[in-house]
Colleague: 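One structure, pasted below without further comment.
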Amino acid sequence: MISANLSAIFYLISGVLFILALRGLSSPETSRKGNFFGITGMIIAITVTFLSIGNFSNGFYFVLIFLLVGGLVGSFIAYKIPMTAMPELVAGFHSLVGLAAVFVAVAAFLNPEAFNLGVPGDIKLGSLIEMSIGAAIGAITFSGSIIAFLKLQGIMSGSPITFKGQHPFNLLILISIIVLIYLLCSTQSSNLFWILLAVSFLIGFLLIIPIGGADMPVVISMLNSYSGWAAAGIGFTLENTALIITGALVGSSGAILSYIMCKGMNRSFFNVILGGFGATEQSSSSQSTEQKPVKSGNADDAAFLMKNASSVIIVPGYGMAVAQAQHALREMVDTLKKNEIKVSYAIHPVAGRMPGHMNVLLAEANVPYDEVFELDEINNDFANADVAFVIGANDVTNPAAKTDPQSPIYGMPVLDVEKCKSVLFVKRSLSPGYAGIDNDLFYKENTLMLFADAKKMTEDITKNL
Amino acid sequence: MEIDPFIFRLSIFILSIFIGYYVVWSVTPSLHTPLMSVTNAISSVIIVGAIIAGLASNSEGVFNISSIFGFLAISLAAINIFGGFLVTQRMLAMYKKKKKSK
C-alpha cells in the first residue's frame, strides 16, 4: 500500500508521459518513441492503482483475468485489422471508451464508499455532478460511435436519416438531460440516474443518424473529443490527475481535428452536426441529365499519357480505400519512377473517412511519407505537372468550389487538378460524388475518364507502361 | 480560508486543455490517424476507476453489482489499451522515409 500523495505523483508522471506521447507525433521519426512513452504511462498508472489499493485478495485475480481477456481481444483486433478498416476500428474503440466511462460511473454510483464519495443516497454533491456529466457524455459517445461504426461498416446506409421536427426534438432531449442532472443531484434518486443514462444513449443515437457518410471525418473527430470529456468527468469524480490530464488532452485533440475537418469542407461545425447534407441536393443532379460530352479512355491511353509525362501527381480518395487499390497504385508509381517520371501524392484534408486516412493507406503500401503532400504544400504544383491521376476522389477536385457560388461546396478548398496538362480520372461511373453535385472536371477538354474499378485499372495501366 | 481541492483539479484540467491545444496543433497531418488511435488508448486510463470498482469487495464477496460493472469496464478499457497502442505501433512502423536500400 502506498500513500495517496505518492500515488498522486505517479499519476502526474503518467499524465506527463501521455503528453509526450502526443508530442512525439509531430514527426514520424519521433512518433515511435512517443508511443513507447504512452505505453509506459499506462503501465505506471495501472501498477500504481493496484499498489494504492493494496488489496491482493481473490478480487485481484478476477481483475487480472478481465484485464487479460480484454488485452487478448484488443491485441488480436490490432493485428488482424486491415488498414482500410481503420475508421471503423477507431469508431468502435470510441464506443468502448464511452461504455467504460458509463460502467465506471455506474459502479461509483452504486458503491460510492469504494471511491470515498459518500454513501448510496448521500453522495457528495460535487462528485455526483461530475459523475453524472461523465456518465451522460460517455453514453452519448457510446451510442453515437455505434451508429458511426455501423455507417462506416456499411451495415447501416451512409445516407443521412432525417425526419420532421428532428432538431427541436433533439434540442428537447438535450435540455431534458440538463434537467435530469439537476434533479438527480437534488434528489439522489437512482431511478433518475438510469433515466439519465437511457436518455443519453438515445440522444447519441439521434445525433449521428442524420449525418452522412462523407461527413464521418468530422463525426469521428467529434466522438474522439467526447470520449475525452467523458474521461475527464470521471477523472474529477475519482480525483485522479492522470485521468483529468488525459481527458483534457483527448478532448482538445478531437476538437482540433473536428475543426480541421470542417475547415477542409468550408462548413461550420453546426452545419455538419445538424446533418442532412447530401440528402437534399438530389434535385440539382437531376437538372444535369442532358448528356455533356465526356472523353473516356482505357488503360492503354492512360499509360501512353503517363509515359510521356515528366511529372505526375496522384490524388487519392475514399474510392482507393474501397477498392483496396493502394498496393496496385504503388506498383504503378514504381514503374513510372523507373521511367524517370517524378511522382508525388496530393492529399486533401477530408479525403477518406477519417483524418489522415489516405496517409496511412499509402504508408501501408510502402509509399515514403516525404512523397506525400498536404493540400497547401502541393496545390501550386498542379500548374507545372503533366498528368494528375485522380483515383477515388471526386468532390475535393471539383472546380465548382472556386467558380460557382451556387454550388453547395462553394468555398471549400479544393485541389487545383484542372490546371494540369491532362487529368486522368479513375471512377466507376459518372455518378455525382457524395455532395450530390456534378463535377465539371469530367467534361473538361483535358480530362480523360477511366471507367473501371480503381484497383483493376491501376493494374492494367502498369501492364501497359 | 482554505481552497477547495476541486479548484486545483480544475486548474490542472484547464491547463491541460491548453497543453493539448498546442501539442495537437503540432502533430503533422499525415499522422492524424495514429493520433486518433493513440488518444483512444490513453483515454482508456479510465481503467484505474474500473480497477478500484472491481477491487471494492465488501463482506458479501468478490462479486456485487458495482464490482461486476467494474470488471466489465476493465475488459472494455483493456481492449482499447492493448488494441489502441498496438495498432498505433503497427501504423507508425509503416511510415518510412524515401528509399535507402533500393
Side-chain angles (χ1 to χ4, degrees), chain A residues 18 22-23 25-26 28 31-32 35 38-39 45 49 53 55 58-59 63 66-67 69-71 73-75 77-78 86 90 93 96-97 99-101 103-104 106-107 110-111 114 224 227-228 231 234 238 242-246 248-250 252-253 256 355-356 359-360 363-364 368-370 374, chain B residues 6 9 12-13 16-17 19-21 23-24 26-33 35-40 42-46 48-51 53-57 62 65-66 69-89 91-92 94-98:
Chain A
F18 291 151
L22 299 192
R23 185 75 188 87
L25 289 169
S26 57
S31 61
R32 276 156 279 223
N35 202 37
I39 295 171
T49 310
I53 299 171
N55 172 359
N58 32 3
V63 170
F66 279 93
L67 188 72
V69 170
V73 173
S75 313
I77 296 172
M86 211 43 76
V90 169
F93 278 172
L96 297 183
V97 179
L99 196 57
F103 282 176
V104 172
V106 170
L110 294 174
N111 186 5
N224 186 237
S227 69
I234 303 295
L238 305 182
L243 204 41
I244 294 176
I245 295 177
T246 316
L249 289 178
V250 178
S252 53
S253 160
I256 290 172
N359 302 79
V360 169
E364 187 201 10
Y369 62 80
D370 37 9
E374 303 301 317
Chain B
F6 170 79
R9 286 192 287 276
I12 295 172
F13 179 64
S16 301
I17 292 178
I19 295 174
Y21 179 84
V23 168
V24 171
S26 77
V27 171
T28 167
S30 67
L31 291 176
H32 276 163
T33 299
L35 170 67
M36 300 203 95
S37 60
V38 86
T39 49
N40 241 314
I42 63 173
S43 54
S44 302
V45 71
I46 202 161
V48 301
I51 294 173
L55 284 181
S57 49
V62 176
I65 306 174
S66 164
F69 274 109
F71 287 132
L72 290 176
I74 289 171
S75 281
L76 295 178
I79 293 177
N80 254 331
I81 292 171
F82 283 77
F85 279 127
L86 286 173
V87 88
T88 311
Q89 191 96 327
M91 276 191 272
L92 293 177
M94 298 186 310
Y95 282 82
K96 292 188 196 82
K97 259 198 140 115
K98 214 170 266 176

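Proteins come first, then strands; the chains are lettered A, B, ... in the order of their sequence lines, and each starts at number 1.
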Colleague: Quick one: of A:L249, A:L99, A:V97, A:V73, who has the most non-hydrogen atom pairs under 4.5 Å with chain B?
Modeller: A:V97
Colleague: Is it the case that more than 12 heavy atoms not belonging to B:Y21 sit under 6.0 Å from its OH atom?
Modeller: no
Colleague: Not counting sequence neighbours, which residues clear side-chain contact (heavy atoms from CB on, under 4.5 Å) with A:R23? List them please.
Modeller: A:S26, B:V23, B:S26
Colleague: Say whether, by atom type as modelled, one donor and one acceptor occur between the side chain of A:N111 and the main chain of B:A53 under 3.5 angstrom.
Modeller: no
Colleague: Specify which of A:G228, A:G71, A:S31 makes the most heavy-atom pairs with chain B at under 4.5 Å.
Modeller: A:G71
Colleague: What residue in A:L67, A:I256, A:V360 has the most heavy-atom pairs under 4.5 Å with chain B?
Modeller: A:I256
Colleague: Do you know which of B:T28, B:T33, B:L76 has the most heavy-atom pairs with chain A at a distance under 4.5 angstrom?
Modeller: B:T33
Colleague: When only pairs under 4.5 Å are counted, which of B:A77, B:G70, B:G49, B:S66 shares the most heavy-atom pairs with chain A?
Modeller: B:S66
Colleague: For residues B:P29 and A:N359, report the shortest heavy-atom separation together with the two atoms involved.
Modeller: O-OD1, 4.4 Å
Colleague: What is the minimum heavy-atom distance between B:T39 and A:V250, and which atoms define it?
Modeller: O-CG2, 3.6 Å
Colleague: Look up atom CD1 in B:I46 and atom CD1 in A:I234, then write down how far apart they are to the nearest 0.5 Å.
Modeller: 5.0 Å
Colleague: Tell me which of these, A:A114, A:G356, A:A78, A:A100, has more heavy-atom pairs under 4.5 Å with chain B than the rest.
Modeller: A:A78
Colleague: Among the options A:S253, A:A231, A:S75, A:A101, pick out the one with the most heavy-atom pairs lying under 4.5 Å from chain B.
Modeller: A:S253
Colleague: What are the two closest non-hydrogen atoms of A:P28 and B:Y95, and how far apart are they?
Modeller: CB-CB, 4.1 Å
Colleague: Look at B:I12, B:L72, B:T88, B:N80 and state which one has the largest set of heavy-atom pairs under 4.5 Å with chain A.
Modeller: B:N80
Colleague: Can you say whether A:L238 sits under 4.5 Å from chain B via the side chain, the backbone, both, or neither, judging by heavy atoms?
Modeller: side chain
Colleague: Relative to chain B, which segment of A:V106 carries a heavy atom at a distance below 4.5 Å: side chain, backbone, both, or neither?
Modeller: side chain
Colleague: Is it the side chain or the backbone of B:I81 that comes within 4.5 Å of chain A heavy atoms, both, or neither?
Modeller: side chain
Colleague: With a 4.5 angstrom heavy-atom cut-off, is it the side chain or the backbone of A:E374 that approaches chain B, or both, or neither?
Modeller: side chain
Colleague: What's the separation between atom CD1 in A:I39 and atom CD1 in B:I42, rounded to the nearest 0.5 Å?
Modeller: 12.0 Å
Colleague: If you count heavy-atom pairs under 4.5 Å with chain B, which of A:T49, A:D370, A:L22, A:N224 comes out on top?
Modeller: A:D370
Colleague: Mind listing the closest non-hydrogen atom pair of A:E364 and B:M94 along with its distance?
Modeller: CA-SD, 3.4 Å
Colleague: Quick check on B:V38 against chain A: is it the side chain, the backbone, both or neither that has a heavy atom closer than 4.5 Å?
Modeller: side chain
Colleague: Check ring-ring contact (aromatic ring centres under 6.0 Å, His included) between A:F66 and all other residues, then give those that pass, not counting sequence neighbours.
Modeller: B:F71
Colleague: Taking all heavy atoms of B:V45 and all of A:A45, pick out the closest pair and write down the distance.
Modeller: CG2-CB, 3.8 Å
Colleague: Under a 4.5 Å cut-off applied to non-hydrogen side-chain atoms, are B:V24 and A:L25 in contact?
Modeller: no
Colleague: Closest heavy-atom contact between A:N35 and B:Q89?
Modeller: ND2-OE1, 2.6 Å
